[in-house]
Amino acid sequence: MRYRDQRRSESAPPRPHFTPRKSMGQNFLQDEEIARWIGDQVQPDGADLVVEIGPGMGALTKHLVGRPKKLILIEKDSQLAPELQSQFEGRSDVEVIHNDATRINLRSWFKHGPLRIVGNLPYSVGSEILKHWLTPPSPVGCAVFMLQKEVCDRLAATSEDDAYGALSLLVQKDWNVEMLRVVPPEVFVPKPRVDSAIIRLTPRDPASLPVFDHVLFDRLVRMGFSQRRKQLKNLLPEAPGGWESLIETLGVTAMVRAEGLSLTQWIQIARHYEQRHEADAGQKASEMFDVVNERNEVVEQRTRGEVHQRGLLHRAVHIFVINKRGFIYLQQRSHLKDVSPLKWDSSAAGHLDAGEGYASAAVRELGEEVGIHVEATELVAEIPAGDNTDHEFVELHIARHDGPVHCLPEEVATGDWFKPEDISTWVDARPQDFAKGFVTCWKAWKEKSTREL
Ligand code: SAM
(Lines give C-alpha, C1' and ligand atoms only; values in the text may rest on other atoms or scores of the structure.)
Protein backbone atom coordinates (compact mmCIF):
# COMPACT_ATOMS: atom_id res chain seq x y z
CA MET A 1 0.00 0.00 0.00
CA ARG A 2 1.71 3.25 -1.16
CA TYR A 3 1.19 6.98 -1.31
CA ARG A 4 1.69 8.47 -4.72
CA ASP A 5 4.05 10.86 -2.96
CA GLN A 6 7.30 8.89 -2.85
CA ARG A 7 8.69 11.02 0.00
CA ARG A 8 6.91 8.73 2.42
CA SER A 9 9.21 7.74 5.33
CA GLU A 10 10.19 4.19 6.16
CA SER A 11 8.10 4.26 9.33
CA ALA A 12 4.80 4.97 7.56
CA PRO A 13 2.31 2.13 7.84
CA PRO A 14 1.62 0.09 4.69
CA ARG A 15 -1.52 1.38 2.85
CA PRO A 16 -3.24 0.64 -0.42
CA HIS A 17 -2.76 3.16 -3.14
CA PHE A 18 -3.91 6.51 -1.74
CA THR A 19 -3.53 10.03 -3.08
CA PRO A 20 -3.56 12.67 -0.34
CA ARG A 21 -6.19 15.31 -1.05
CA LYS A 22 -5.22 18.95 -0.59
CA SER A 23 -8.86 19.98 -0.31
CA MET A 24 -9.11 17.71 2.76
CA GLY A 25 -5.95 19.16 4.31
CA GLN A 26 -4.27 15.77 4.12
CA ASN A 27 -0.69 16.13 5.31
CA PHE A 28 0.13 12.93 7.14
CA LEU A 29 2.44 12.97 10.13
CA GLN A 30 5.42 10.61 9.79
CA ASP A 31 7.28 11.25 13.04
CA GLU A 32 6.58 8.69 15.75
CA GLU A 33 8.09 10.75 18.55
CA ILE A 34 5.96 13.81 17.74
CA ALA A 35 2.83 11.69 17.27
CA ARG A 36 3.31 10.04 20.66
CA TRP A 37 4.09 13.40 22.27
CA ILE A 38 0.89 15.02 20.88
CA GLY A 39 -1.19 12.12 22.22
CA ASP A 40 0.40 12.50 25.67
CA GLN A 41 -0.56 16.19 25.86
CA VAL A 42 -4.28 15.33 26.01
CA GLN A 43 -3.58 13.02 29.00
CA PRO A 44 -5.49 10.05 27.60
CA ASP A 45 -4.50 7.43 30.19
CA GLY A 46 -7.60 6.20 32.03
CA ALA A 47 -9.76 9.05 30.63
CA ASP A 48 -13.41 8.08 30.07
CA LEU A 49 -13.34 9.42 26.52
CA VAL A 50 -10.90 10.92 24.05
CA VAL A 51 -12.01 12.22 20.66
CA GLU A 52 -9.62 12.46 17.73
CA ILE A 53 -10.55 14.69 14.82
CA GLY A 54 -9.15 13.72 11.43
CA PRO A 55 -7.35 10.46 12.30
CA GLY A 56 -6.43 9.92 8.64
CA MET A 57 -4.03 6.97 8.46
CA GLY A 58 -3.80 6.71 12.22
CA ALA A 59 -0.47 8.42 12.99
CA LEU A 60 -1.80 9.82 16.30
CA THR A 61 -4.45 7.16 16.72
CA LYS A 62 -1.99 4.35 17.24
CA HIS A 63 -0.58 6.22 20.26
CA LEU A 64 -4.05 6.71 21.71
CA VAL A 65 -5.73 3.33 21.25
CA GLY A 66 -6.10 1.40 24.51
CA ARG A 67 -5.24 4.36 26.74
CA PRO A 68 -8.69 5.95 27.39
CA LYS A 69 -11.74 3.82 28.20
CA LYS A 70 -13.23 4.96 24.88
CA LEU A 71 -11.67 6.55 21.80
CA ILE A 72 -13.89 8.16 19.17
CA LEU A 73 -12.39 8.94 15.76
CA ILE A 74 -14.11 11.45 13.46
CA GLU A 75 -12.95 11.23 9.85
CA LYS A 76 -14.59 12.82 6.82
CA ASP A 77 -12.66 11.10 4.04
CA SER A 78 -14.78 8.42 2.36
CA GLN A 79 -11.83 6.14 1.73
CA LEU A 80 -10.04 6.54 5.07
CA ALA A 81 -13.09 6.34 7.35
CA PRO A 82 -14.23 2.85 6.21
CA GLU A 83 -10.63 1.70 6.40
CA LEU A 84 -10.44 2.82 10.02
CA GLN A 85 -13.80 1.17 10.68
CA SER A 86 -12.54 -2.17 9.47
CA GLN A 87 -9.22 -1.73 11.29
CA PHE A 88 -11.01 -1.29 14.64
CA GLU A 89 -13.92 -3.65 14.04
CA GLY A 90 -14.45 -5.79 17.11
CA ARG A 91 -12.86 -3.28 19.50
CA SER A 92 -15.57 -1.96 21.79
CA ASP A 93 -13.30 0.83 23.05
CA VAL A 94 -12.87 2.45 19.63
CA GLU A 95 -15.65 4.02 17.57
CA VAL A 96 -15.19 5.53 14.13
CA ILE A 97 -17.60 8.22 13.04
CA HIS A 98 -17.58 8.89 9.32
CA ASN A 99 -18.64 12.53 9.34
CA ASP A 100 -17.57 16.12 8.89
CA ALA A 101 -16.19 17.48 12.19
CA THR A 102 -17.52 20.94 11.34
CA ARG A 103 -21.10 19.66 11.12
CA ILE A 104 -21.42 17.20 13.98
CA ASN A 105 -24.17 18.09 16.46
CA LEU A 106 -22.26 18.80 19.65
CA ARG A 107 -25.32 19.19 21.87
CA SER A 108 -25.51 15.42 22.24
CA TRP A 109 -21.91 15.27 23.52
CA PHE A 110 -22.45 17.04 26.85
CA LYS A 111 -23.55 13.71 28.32
CA HIS A 112 -19.92 12.54 28.23
CA GLY A 113 -18.68 15.28 30.58
CA PRO A 114 -15.81 17.60 29.64
CA LEU A 115 -14.25 16.07 26.52
CA ARG A 116 -10.57 15.62 25.74
CA ILE A 117 -10.10 16.21 22.04
CA VAL A 118 -7.01 15.98 19.93
CA GLY A 119 -6.21 16.32 16.27
CA ASN A 120 -3.65 17.13 13.65
CA LEU A 121 -6.25 19.35 12.02
CA PRO A 122 -6.67 19.71 8.25
CA TYR A 123 -5.32 23.16 7.28
CA SER A 124 -8.24 23.58 4.88
CA VAL A 125 -10.88 23.72 7.65
CA GLY A 126 -8.84 24.04 10.85
CA SER A 127 -10.41 27.40 11.79
CA GLU A 128 -13.91 26.10 11.09
CA ILE A 129 -13.27 23.07 13.32
CA LEU A 130 -11.99 25.35 16.11
CA LYS A 131 -15.04 27.58 15.80
CA HIS A 132 -17.46 24.66 15.78
CA TRP A 133 -15.98 22.89 18.80
CA LEU A 134 -14.92 25.84 20.92
CA THR A 135 -17.74 28.37 20.60
CA PRO A 136 -19.65 28.36 23.91
CA PRO A 137 -21.40 26.38 25.07
CA SER A 138 -18.77 23.77 24.31
CA PRO A 139 -18.56 20.20 25.63
CA VAL A 140 -14.74 20.41 25.44
CA GLY A 141 -12.64 20.32 28.61
CA CYS A 142 -9.21 20.08 26.95
CA ALA A 143 -8.22 20.39 23.29
CA VAL A 144 -4.79 19.66 21.81
CA PHE A 145 -4.51 20.66 18.18
CA MET A 146 -1.81 20.85 15.56
CA LEU A 147 -2.44 23.69 13.10
CA GLN A 148 -0.43 26.11 10.94
CA LYS A 149 2.03 27.88 13.26
CA GLU A 150 0.74 31.23 12.04
CA VAL A 151 -2.80 30.39 13.27
CA CYS A 152 -1.44 29.09 16.62
CA ASP A 153 0.57 32.32 17.01
CA ARG A 154 -2.61 34.34 16.51
CA LEU A 155 -4.58 32.20 18.95
CA ALA A 156 -1.96 32.48 21.70
CA ALA A 157 -0.86 36.13 21.11
CA THR A 158 -1.13 38.90 23.68
CA SER A 159 -1.08 42.64 22.95
CA GLU A 160 2.75 42.63 22.94
CA ASP A 161 2.88 40.23 19.97
CA ASP A 162 2.73 40.97 16.22
CA ALA A 163 0.22 38.15 15.72
CA TYR A 164 -2.27 39.72 18.16
CA GLY A 165 -5.67 40.40 16.69
CA ALA A 166 -9.42 39.81 16.86
CA LEU A 167 -8.96 36.00 16.79
CA SER A 168 -6.70 36.13 19.89
CA LEU A 169 -9.35 38.03 21.85
CA LEU A 170 -12.39 36.12 20.62
CA VAL A 171 -10.79 32.82 21.66
CA GLN A 172 -9.00 33.93 24.83
CA LYS A 173 -12.11 35.41 26.44
CA ASP A 174 -13.29 31.79 26.87
CA TRP A 175 -10.11 29.68 26.65
CA ASN A 176 -6.61 29.54 28.09
CA VAL A 177 -4.32 29.01 25.11
CA GLU A 178 -0.86 27.45 25.51
CA MET A 179 1.63 27.26 22.66
CA LEU A 180 3.30 23.88 23.20
CA ARG A 181 5.66 23.16 20.34
CA VAL A 182 6.62 24.12 16.78
CA VAL A 183 6.77 21.34 14.18
CA PRO A 184 8.71 21.62 10.86
CA PRO A 185 7.16 20.76 7.45
CA GLU A 186 9.61 17.86 6.92
CA VAL A 187 7.73 15.53 9.27
CA PHE A 188 4.66 15.38 7.00
CA VAL A 189 3.84 13.73 3.69
CA PRO A 190 3.04 15.58 1.56
CA LYS A 191 5.19 18.35 2.99
CA PRO A 192 3.21 21.55 3.73
CA ARG A 193 4.74 24.90 2.79
CA VAL A 194 4.77 26.30 6.33
CA ASP A 195 5.62 25.36 9.91
CA SER A 196 2.97 23.82 12.13
CA ALA A 197 2.55 24.16 15.88
CA ILE A 198 0.75 22.38 18.69
CA ILE A 199 -1.50 24.26 21.08
CA ARG A 200 -3.57 23.27 24.08
CA LEU A 201 -6.83 24.99 24.99
CA THR A 202 -8.59 24.65 28.33
CA PRO A 203 -11.71 26.52 29.47
CA ARG A 204 -11.01 29.83 31.20
CA ASP A 205 -12.23 30.14 34.78
CA PRO A 206 -15.16 32.56 34.34
CA ALA A 207 -14.31 34.18 37.69
CA SER A 208 -10.95 35.30 36.21
CA LEU A 209 -12.70 38.11 34.28
CA PRO A 210 -15.44 40.58 35.19
CA VAL A 211 -18.78 39.79 33.56
CA PHE A 212 -19.52 41.36 30.18
CA ASP A 213 -21.93 40.99 27.29
CA HIS A 214 -20.18 38.50 24.99
CA VAL A 215 -22.20 39.40 21.91
CA LEU A 216 -21.37 43.07 22.29
CA PHE A 217 -17.70 42.24 23.00
CA ASP A 218 -17.44 40.22 19.76
CA ARG A 219 -19.04 43.04 17.76
CA LEU A 220 -16.77 45.75 19.21
CA VAL A 221 -13.60 43.66 18.75
CA ARG A 222 -14.45 42.92 15.12
CA MET A 223 -15.12 46.62 14.48
CA GLY A 224 -11.94 47.67 16.29
CA PHE A 225 -9.71 45.34 14.25
CA SER A 226 -11.51 45.90 10.92
CA GLN A 227 -8.84 48.43 9.89
CA ARG A 228 -5.75 47.84 12.01
CA ARG A 229 -4.01 51.09 11.12
CA LYS A 230 -6.92 53.29 12.09
CA GLN A 231 -7.32 54.75 15.55
CA LEU A 232 -10.00 53.05 17.59
CA LYS A 233 -12.06 56.19 18.04
CA ASN A 234 -12.73 56.22 14.28
CA LEU A 235 -13.89 52.60 14.25
CA LEU A 236 -16.08 52.15 17.32
CA PRO A 237 -19.57 53.60 17.72
CA GLU A 238 -20.06 56.74 19.81
CA ALA A 239 -19.09 55.82 23.38
CA PRO A 240 -21.57 56.53 26.16
CA GLY A 241 -20.38 59.73 27.87
CA GLY A 242 -18.00 60.48 24.96
CA TRP A 243 -14.63 59.08 23.82
CA GLU A 244 -12.73 60.92 26.57
CA SER A 245 -14.60 59.13 29.32
CA LEU A 246 -13.83 55.74 27.73
CA ILE A 247 -10.15 56.65 27.34
CA GLU A 248 -10.04 57.69 30.97
CA THR A 249 -11.52 54.34 32.05
CA LEU A 250 -8.86 52.51 30.02
CA GLY A 251 -5.97 54.75 31.06
CA VAL A 252 -4.60 55.05 27.48
CA THR A 253 -4.02 57.87 24.97
CA ALA A 254 -6.87 59.06 22.73
CA MET A 255 -4.95 57.81 19.63
CA VAL A 256 -4.94 54.18 20.77
CA ARG A 257 -5.39 51.41 18.18
CA ALA A 258 -7.19 48.09 18.67
CA GLU A 259 -3.92 46.15 18.92
CA GLY A 260 -2.69 48.35 21.77
CA LEU A 261 -5.31 47.07 24.20
CA SER A 262 -5.21 43.88 26.26
CA LEU A 263 -8.07 41.41 26.75
CA THR A 264 -8.89 43.03 30.10
CA GLN A 265 -9.03 46.46 28.47
CA TRP A 266 -11.29 45.17 25.69
CA ILE A 267 -13.61 43.80 28.36
CA GLN A 268 -13.55 47.22 30.01
CA ILE A 269 -14.63 48.68 26.65
CA ALA A 270 -17.58 46.27 26.39
CA ARG A 271 -18.57 47.05 29.98
CA HIS A 272 -18.33 50.79 29.26
CA TYR A 273 -20.72 50.48 26.28
CA GLU A 274 -23.05 48.44 28.51
CA GLN A 275 -22.73 51.22 31.08
CA ARG A 276 -21.73 48.63 33.63
CA HIS A 277 -19.69 50.66 36.08
CA GLU A 278 -20.17 48.76 39.33
CA ALA A 279 -18.05 45.78 40.42
CA ASP A 280 -19.77 42.40 39.90
CA ALA A 281 -21.93 41.88 42.93
CA GLY A 282 -23.78 38.63 42.32
CA GLN A 283 -27.12 38.21 44.04
CA LYS A 284 -28.16 40.38 46.93
CA ALA A 285 -28.50 38.43 50.21
CA SER A 286 -30.82 41.23 51.37
CA GLU A 287 -33.57 40.54 48.74
CA MET A 288 -36.92 39.72 50.41
CA PHE A 289 -38.79 36.44 49.73
CA ASP A 290 -42.10 35.09 50.98
CA VAL A 291 -41.55 32.20 53.38
CA VAL A 292 -44.33 29.57 53.18
CA ASN A 293 -45.60 26.66 55.31
CA GLU A 294 -46.02 22.98 54.21
CA ARG A 295 -49.29 23.92 52.46
CA ASN A 296 -47.53 26.64 50.42
CA GLU A 297 -49.26 29.43 52.34
CA VAL A 298 -47.28 32.60 52.96
CA VAL A 299 -46.37 32.93 56.62
CA GLU A 300 -43.70 35.64 56.71
CA GLN A 301 -41.01 37.44 54.73
CA ARG A 302 -37.28 36.83 55.11
CA THR A 303 -34.10 37.79 53.25
CA ARG A 304 -32.61 35.55 50.55
CA GLY A 305 -29.57 34.95 52.77
CA GLU A 306 -31.67 33.77 55.69
CA VAL A 307 -34.04 31.66 53.58
CA HIS A 308 -31.14 29.70 52.10
CA GLN A 309 -29.10 29.48 55.27
CA ARG A 310 -31.99 28.14 57.39
CA GLY A 311 -33.51 26.00 54.61
CA LEU A 312 -36.88 27.80 54.92
CA LEU A 313 -39.66 26.80 52.55
CA HIS A 314 -40.21 29.35 49.76
CA ARG A 315 -41.40 29.59 46.16
CA ALA A 316 -39.72 29.45 42.74
CA VAL A 317 -40.74 29.25 39.13
CA HIS A 318 -38.98 27.38 36.31
CA ILE A 319 -39.70 28.09 32.66
CA PHE A 320 -38.90 25.86 29.67
CA VAL A 321 -38.75 27.91 26.47
CA ILE A 322 -39.56 25.76 23.43
CA ASN A 323 -38.95 26.72 19.79
CA LYS A 324 -40.86 25.54 16.74
CA ARG A 325 -38.47 22.61 16.19
CA GLY A 326 -39.42 21.39 19.67
CA PHE A 327 -35.95 22.20 21.09
CA ILE A 328 -35.70 23.54 24.64
CA TYR A 329 -33.39 26.37 25.64
CA LEU A 330 -31.13 25.48 28.57
CA GLN A 331 -28.99 28.00 30.36
CA GLN A 332 -25.77 27.48 32.27
CA ARG A 333 -26.00 29.50 35.48
CA SER A 334 -23.47 32.25 36.03
CA HIS A 335 -20.55 31.69 38.40
CA LEU A 336 -21.97 34.58 40.46
CA LYS A 337 -25.11 32.66 41.50
CA ASP A 338 -25.29 31.87 45.22
CA VAL A 339 -26.93 28.47 44.57
CA SER A 340 -25.69 25.95 41.94
CA PRO A 341 -23.17 28.23 40.17
CA LEU A 342 -22.20 26.99 36.67
CA LYS A 343 -24.81 24.20 36.74
CA TRP A 344 -27.16 23.78 33.79
CA ASP A 345 -30.73 24.84 34.42
CA SER A 346 -34.14 25.58 32.91
CA SER A 347 -34.37 28.36 30.29
CA ALA A 348 -35.06 30.71 33.19
CA ALA A 349 -35.72 30.06 36.86
CA GLY A 350 -36.00 32.21 39.92
CA HIS A 351 -37.55 32.92 43.26
CA LEU A 352 -40.77 34.79 43.62
CA ASP A 353 -40.31 38.23 45.11
CA ALA A 354 -42.28 39.02 48.28
CA GLY A 355 -45.96 39.36 47.33
CA GLU A 356 -45.42 38.18 43.72
CA GLY A 357 -47.42 35.42 41.94
CA TYR A 358 -45.91 32.53 39.97
CA ALA A 359 -47.23 33.69 36.58
CA SER A 360 -45.82 37.21 36.82
CA ALA A 361 -42.51 35.88 38.20
CA ALA A 362 -42.27 33.60 35.13
CA VAL A 363 -42.70 36.52 32.73
CA ARG A 364 -40.27 38.69 34.73
CA GLU A 365 -37.56 36.00 34.99
CA LEU A 366 -37.68 35.30 31.25
CA GLY A 367 -37.14 38.97 30.48
CA GLU A 368 -34.45 39.49 33.13
CA GLU A 369 -32.36 36.36 32.57
CA VAL A 370 -32.58 35.59 28.87
CA GLY A 371 -34.12 38.71 27.31
CA ILE A 372 -37.26 36.88 26.16
CA HIS A 373 -40.38 39.02 26.41
CA VAL A 374 -43.72 37.20 26.42
CA GLU A 375 -47.21 38.25 27.51
CA ALA A 376 -47.82 35.08 29.48
CA THR A 377 -46.52 31.56 30.10
CA GLU A 378 -48.42 28.29 30.49
CA LEU A 379 -48.45 26.30 33.75
CA VAL A 380 -47.53 22.65 33.22
CA ALA A 381 -46.69 21.24 36.66
CA GLU A 382 -46.80 22.06 40.36
CA ILE A 383 -44.03 20.45 42.38
CA PRO A 384 -44.09 20.30 46.19
CA ALA A 385 -41.13 21.55 48.22
CA GLY A 386 -38.53 18.98 49.19
CA ASP A 387 -34.84 18.27 49.15
CA ASN A 388 -35.11 17.69 45.38
CA THR A 389 -36.20 21.32 44.89
CA ASP A 390 -33.93 22.92 47.50
CA HIS A 391 -36.99 23.58 49.74
CA GLU A 392 -38.91 25.39 47.00
CA PHE A 393 -42.56 24.98 46.00
CA VAL A 394 -42.03 25.08 42.27
CA GLU A 395 -44.34 25.82 39.37
CA LEU A 396 -43.04 24.71 35.99
CA HIS A 397 -44.20 26.88 33.08
CA ILE A 398 -43.56 26.74 29.35
CA ALA A 399 -43.24 29.55 26.80
CA ARG A 400 -42.96 29.43 22.99
CA HIS A 401 -40.24 31.53 21.40
CA ASP A 402 -38.29 31.48 18.14
CA GLY A 403 -36.47 34.79 18.22
CA PRO A 404 -33.07 35.60 19.64
CA VAL A 405 -32.06 34.96 23.22
CA HIS A 406 -30.04 37.60 25.01
CA CYS A 407 -28.50 36.34 28.25
CA LEU A 408 -27.82 38.74 31.10
CA PRO A 409 -24.17 37.91 31.91
CA GLU A 410 -24.41 38.16 35.69
CA GLU A 411 -27.30 35.66 35.63
CA VAL A 412 -26.37 33.31 32.79
CA ALA A 413 -22.92 32.10 31.69
CA THR A 414 -24.13 30.67 28.38
CA GLY A 415 -26.99 28.67 26.89
CA ASP A 416 -28.31 26.86 23.85
CA TRP A 417 -31.23 25.00 22.30
CA PHE A 418 -31.21 21.25 22.96
CA LYS A 419 -33.28 18.36 21.62
CA PRO A 420 -35.38 16.87 24.45
CA GLU A 421 -33.85 13.39 23.79
CA ASP A 422 -30.34 14.84 24.21
CA ILE A 423 -31.35 16.49 27.48
CA SER A 424 -32.82 13.20 28.78
CA THR A 425 -29.67 11.18 28.05
CA TRP A 426 -27.49 13.95 29.51
CA VAL A 427 -29.58 14.18 32.71
CA ASP A 428 -29.48 10.39 33.11
CA ALA A 429 -25.73 10.19 32.50
CA ARG A 430 -24.61 13.25 34.47
CA PRO A 431 -27.23 14.63 36.87
CA GLN A 432 -24.37 16.42 38.63
CA ASP A 433 -24.16 18.88 35.70
CA PHE A 434 -27.62 20.29 36.54
CA ALA A 435 -29.25 22.38 39.25
CA LYS A 436 -31.33 20.08 41.49
CA GLY A 437 -34.57 21.94 40.77
CA PHE A 438 -34.09 21.48 37.03
CA VAL A 439 -33.69 17.69 37.33
CA THR A 440 -36.96 17.56 39.28
CA CYS A 441 -38.71 19.78 36.71
CA TRP A 442 -37.34 17.67 33.86
CA LYS A 443 -38.76 14.49 35.41
CA ALA A 444 -42.15 16.21 35.90
CA TRP A 445 -42.10 17.40 32.28
CA LYS A 446 -41.24 13.95 30.95
CA GLU A 447 -43.98 12.30 33.02
CA LYS A 448 -46.49 14.80 31.70
CA SER A 449 -45.31 14.32 28.09
CA THR A 450 -45.55 10.51 28.48
CA ARG A 451 -49.09 10.76 29.96
CA GLU A 452 -50.20 12.93 27.03
CA LEU A 453 -48.86 10.56 24.37
N1 SAM B 1 -4.15 12.50 12.04
C2 SAM B 1 -3.51 12.20 10.78
C3 SAM B 1 -2.03 12.47 10.89
O4 SAM B 1 -1.63 13.13 11.85
O5 SAM B 1 -1.31 12.02 10.02
C6 SAM B 1 -4.11 12.99 9.63
C7 SAM B 1 -4.00 14.46 9.74
S8 SAM B 1 -4.42 15.37 8.30
C9 SAM B 1 -3.59 16.85 8.57
C10 SAM B 1 -6.11 15.83 8.53
C11 SAM B 1 -7.13 14.72 8.53
O12 SAM B 1 -8.41 15.30 8.71
C13 SAM B 1 -7.23 13.94 7.24
O14 SAM B 1 -7.33 12.57 7.55
C15 SAM B 1 -8.51 14.43 6.59
O16 SAM B 1 -9.11 13.47 5.77
C17 SAM B 1 -9.34 14.73 7.80
N18 SAM B 1 -10.38 15.75 7.57
C19 SAM B 1 -10.41 16.76 6.67
N20 SAM B 1 -11.49 17.50 6.80
C21 SAM B 1 -12.21 16.95 7.82
C22 SAM B 1 -13.45 17.25 8.43
N23 SAM B 1 -14.16 18.30 8.03
N24 SAM B 1 -13.90 16.44 9.42
C25 SAM B 1 -13.16 15.37 9.84
N26 SAM B 1 -11.98 15.05 9.29
C27 SAM B 1 -11.50 15.81 8.30
Side-chain angles (χ1 to χ4, degrees), residues 1-5 7-16 18-42 44 50-65 67 71-85 87-88 94-106 109 115-134 140 143-152 180-199:
M1 186 160 175
R2 281 172 295 109
Y3 296 112
R4 251 187 212 146
D5 191 320
R7 288 169 296 177
R8 177 173 162 269
S9 86
E10 291 308 311
S11 62
R15 296 275 162 188
F18 182 82
T19 308
R21 289 202 274 160
K22 200 170 173 204
S23 64
M24 295 281 279
Q26 289 175 341
N27 301 94
F28 297 102
L29 183 60
Q30 306 293 298
D31 187 303
E32 293 283 334
E33 186 274 324
I34 296 175
R36 169 92 197 170
W37 188 88
I38 295 173
D40 289 348
Q41 303 317 302
V42 79
V50 170
V51 178
E52 188 192 346
I53 299 178
M57 300 200 183
L60 302 185
T61 319
K62 71 171 165 205
H63 298 287
L64 293 168
V65 171
R67 297 176 73 181
L71 176 66
I72 296 184
L73 311 172
I74 304 172
E75 174 57 61
K76 183 179 175 192
D77 188 283
S78 314
Q79 185 177 342
L80 295 175
E83 223 184 280
L84 287 159
Q85 274 158 348
Q87 185 181 346
F88 295 111
V94 183
E95 183 185 342
V96 180
I97 299 179
H98 180 192
N99 204 340
D100 181 338
T102 65
R103 302 184 78 89
I104 270 182
N105 165 27
L106 294 182
W109 290 64
L115 296 177
R116 291 165 195 266
I117 61 170
V118 60
N120 170 13
L121 297 187
Y123 282 6
S124 47
V125 288
S127 303
E128 263 182 80
I129 291 174
L130 282 182
K131 190 168 172 217
H132 187 69
W133 286 77
L134 302 182
V140 173
V144 174
F145 289 140
M146 178 140 67
L147 284 151
Q148 295 101 308
K149 176 175 177 293
E150 180 253 323
V151 176
C152 294
L180 299 180
R181 183 169 175 174
V182 176
V183 177
E186 289 69 33
V187 299
F188 299 96
V189 168
K191 196 167 94 173
R193 278 204 298 262
V194 293
D195 279 344
S196 301
I198 301 158
I199 48 162

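These numbers come from the heavy atoms of this one structure, side chains and all, not from hydrogens, waters or symmetry mates. In each ligand, atom 1 is the first atom listed, and ligand 1 is the first ligand listed.
Contact detail for Q41 and W37: the closest heavy-atom pair is NE2-O, 3.0 Å. Nearest heavy atoms, W109 versus I104: NE1-CG2, 3.7 Å.
Formation of a donor-acceptor pair under 3.5 Å by the W133 side chain with backbone atoms of A101 is found in this model.
The protein residues lying under 4.0 angstrom from ligand 1, judged by non-hydrogen atoms, are M24, G25, Q26, N27, F28, L29, E52, G54, P55, G56, A59, I74, E75, K76, D77, L80, N99, D100, A101, N120, L121, P122, V125.
Take S127 and apply the side chain to side chain contact (heavy atoms under 4.5 Å, CB included) test, not counting sequence neighbours, and it matches no residue. Evaluation of the salt bridge (charged side-chain N to carboxylate O under 4.0 Å, His left out) rule for E150 yields R154 as partners, not counting sequence neighbours.
Listed by first and then second residue, the salt bridge (Lys or Arg N to Asp or Glu O under 4.0 Å) pairs involving residues 96-105 are K76-D100 (not counting sequence neighbours).
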